[in-house]
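These notes are about the structure you will find just below.
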Amino acid sequence: MSDKEFRTSSRRAAIQQLAASAMVAAASPAAAQTGRPNSTPEDFVRLQKQISNWNRWGANDQMGAVNLITPAKRKAALGTVREGASFSMARNAEIKEAVDNPTPIVRKTTRTGASQPKTGITSTSDTFFISYHGMAHTHMDSLCHFVYDGKIYNGYSSDTVGEDGAAKNSIINFKNGIITRGVLMDMARYKGVDWLEPGTPIYPEDLEGWEKKAGVKVESGDVMIVRTGRWARRDALGPWPVQKLAGLHMSCAPWMHARDVAILGGDDAQDVLPSQVEGVSQPIHALCIVAMGMPIFDNLDLELVGREAEKRKRWDFLVTASPAAVPGATGSVLNPIATF
């Protein structure tokens with residue numbers, strides 16, 4: 001099957017899945033009250049197969065949906081730059097322990113200026129300790145980070161991730177960097193609020209509603225970046241337990257697959273928490289990373305880029321990002337840049 005035929009088949013399947021979800025919602029009294037999909041653990045299991053990209057780019061593939069960022073896509077993304085104005089989407093290092101940050105970044109000065117001679121050439125230095133996975137630090141999840149039924153993306157055994165690192169799907173596969181178009185899906189602005197309250201789900205109709213309102217559309221090879229306003233809330237009210245976060249409902253996974261999203265990013269852990277799918281804690285993470293081979297940019301700080309996008313009334317831009325070149329790593333700290 002050609003890649004074009006594959007995409008056509010996948011989109012048709014995704015549309016059928018969304019239609020089926022709507023029918024289930026209509027049949028459920030609880031769902032009927034909200035008009036929302038009634039997702040179940042069985043839906044999750046079905047989606048793992050239905051939206052799978054395993055073998056799409058060959059049995060030995062370790063790049064996943066990043067294959068959708070073709071040379072033509074990179075050139076087109078570079079062509080979107082009009083001003084050359086760049087803005088970071090990384091959160092400044094969180095160095096204080098908090099209820100949402102049990103492992104703060106540690107930075108220790110190992111050679112101070114005061115300790116050095118005041119004549120001639122000298123230097124200063126420091127050391128970082130970063131446990132980047134979790135809900136606080138901006139990072140990129142590679143394709144070995146999540147496991148489902150003993151498998152990681154493309155069917156590799158989870159046993160390939162050992163004490164010496166990941167032999168398959170590690171961050172080193174993205175050493176050459178990410179250069180593509182980013183689309184900011186500002187769900188807080190869509191709802192007319194400074195932030196979505198923790199536990200607020202985002203559904204496919206919200207994504208499409210924002211596209212219509214903002215005049216932008218998520219396309220193949222894009223980084224889809226979801227702003228909930230999480231950091232605005234934290235800065236205003238302080239940290240809260242991350243068992244409750246606004247984010248994407250599981251029904252958004254086939255939507256992203258149908259659009260051929262290359263990378264998912266957002267200002268928290270992407271999944272709405274609690275997930276609203278009994279017994280499945282982070283279905284978006286698992287479906288993106290394991291089934292679709294879609295890396296994730298977690299814990300972005302989107303407050304600055306959100307303001308800059310609103311100022312310009314422009315919600316797409318060039319995204320550039322370079323993870324650390326660490327063989328075997330399950331991810332990397334990251335400082336993604338948006339350029340208008």
Side-chain angles (χ1 to χ4, degrees), residues 7 10-22 25 31 34-39 43-44 47 50-51 65 68 89 180-193 195-230 245-273 275-277 282-289 291-292 294-298 300 302 305-306 309-310 313-317 319 338:
R7 290 197 300 270
S10 298
R11 288 191 178 93
R12 186 182 301 115
I15 292 168
Q16 291 170 347
Q17 164 65 20
L18 291 174
S21 296
T34 63
R36 304 300 187 185
N38 181 30
S39 295
D43 291 328
F44 171 74
L47 283 173
Q50 183 178 309
I51 62 176
L68 296 164
M89 293 185 285
T180 192
R181 174 178 178 255
V183 178
L184 182 61
M185 310 293 277
D186 199 324
M187 293 293 98
R189 282 183 170 85
Y190 176 60
K191 300 288 187 179
V193 295
W195 55 74
L196 301 183
E197 287 299 328
T200 302
I202 298 165
Y203 294 97
E205 56 263 38
D206 296 317
L207 301 177
E208 294 187 355
W210 172 254
E211 286 184 322
K212 292 176 183 177
K213 180 176 181 177
V216 69
K217 187 172 183 178
V218 175
E219 299 173 350
S220 177
D222 286 346
V223 180
M224 189 177 91
I225 302 167
V226 181
R227 177 180 173 267
T228 68
R230 176 263 185 105
L245 288 172
L248 299 178
H249 183 265
M250 188 176 76
S251 55
C252 292
W255 190 93
M256 289 187 287
H257 185 258
R259 294 297 186 92
D260 266 345
V261 171
I263 297 172
L264 172 63
D267 56 8
D268 52 23
Q270 319 315 322
D271 287 87
V272 63
L273 297 176
S275 73
Q276 302 189 358
V277 184
Q282 289 182 277
I284 288 292
H285 255 71
L287 290 167
C288 285
I289 294 175
M292 291 187 276
M294 185 187 298
I296 292 178
F297 293 172
D298 276 329
L300 301 176
L302 302 173
V305 75
E310 184 176 46
K313 301 301 178 187
R314 182 184 168 194
W315 305 96
D316 65 335
F317 39 79
V319 171

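These numbers come from the heavy atoms of this one structure, side chains and all, not from hydrogens, waters or symmetry mates.
If you take CG on Leu273 and CG on Asp268, they are separated by 7.5 Å, rounding to the nearest 0.5 Å. Atom CG of Leu245 is separated from atom CG of Leu196 by 11.0 Å, given to the nearest 0.5 angstrom. Atoms NZ and OG1, on Lys191 and Thr228 in that order, are 12.5 Å from each other to the nearest 0.5 Å. A distance of 9.5 Å separates CG of Asp43 from CD of Gln50, quoted to the nearest 0.5 Å. Rounding to the nearest 0.5 Å places SG of Cys288 at 8.0 Å from CE of Met224. Here the SG atom belonging to Cys252 is positioned 11.0 Å from the CZ atom belonging to Arg259, to the nearest 0.5 angstrom.
Ion pairing between a basic and an acidic side chain is recognised when a charged N comes within 4.0 Å of a carboxylate O; Asp267 and Arg227 show no such pairing.
A donor and an acceptor atom, one from each side chain of Trp195 and Glu197, are located under 3.5 Å apart. Counted by atom type alone, Trp315 and Glu310 present zero donor-acceptor pairs between their side chains at under 3.5 Å.
Looking only at distances, no side-chain donor or acceptor of Trp210 sits under 3.5 Å from a matching main-chain atom of Gly215. The main-chain N or O of Gly221 is never found under 3.5 Å from a side-chain atom of Asp260 such that the two would form a donor-acceptor pair. Counting only distance, with no hydrogens or angles, the side chain of Asp222 and the backbone of Val261 share no donor-acceptor pair below 3.5 Å.
Using a 4.5 Å heavy-atom threshold, the side chains of Ile289 and Ile296 count as touching. A 4.5 Å side-chain heavy-atom check between Ile202 and Leu207 finds at least one atom pair inside the cut-off. Two residues are said to be in side-chain contact when any heavy atoms from C-beta on lie closer than 4.5 Å; Glu211 and Glu208 meet this criterion. Within the 4.5 Å cutoff, side-chain heavy atoms of His285 are placed close to those of Gln270. The shortest side-chain heavy-atom distance between Leu47 and Met250 falls under the 4.5 Å cut-off. The closest side-chain heavy-atom distance from Val305 to Leu300 is not below 4.5 Å. Phe317 has its side chain within reach of Ile225: a pair of non-hydrogen atoms, C-beta onward, lies under 4.5 Å apart. Side-chain contact between Ile51 and Leu287: present, with at least one pair of heavy atoms (C-beta onward) separated by less than 4.5 Å.
A 6.0 Å sphere centred on NZ of Lys217 holds no more than 12 heavy atoms belonging to other residues, nucleotides or ligands.
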When you look at Val183 and Glu219, which way does the side chain to side chain contact (heavy atoms under 4.5 Å, CB included) test go after all the steps?
CA-CA 9 Å; Val183 178; Glu219 299 173 350; over 6 Å; no

Pair Thr200, Met187 - check side chain to side chain contact (heavy atoms under 4.5 Å, CB included), show working.
CA-CA 10 Å; Thr200 302; Met187 293 293 98; over 6 Å; no

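For the residue pair Gly182 and Val319, the shortest heavy atom distance occurs at CA-CG2, 3.6 Å. Shortest non-hydrogen contact noted between Ala309 and Leu184 is CB-CD2, 4.2 Å. Residues Met294 and Ala65 approach most closely at CA-CB, 4.2 Å, considering heavy atoms.
Taking Arg314 as the reference, Asp316 meet the salt bridge (charged side-chain N to carboxylate O under 4.0 Å, His left out) condition, with sequence neighbours excluded.
Aromatic ring orientation, Tyr203 versus His249: tilted (interplanar angle from 30° to 60°).
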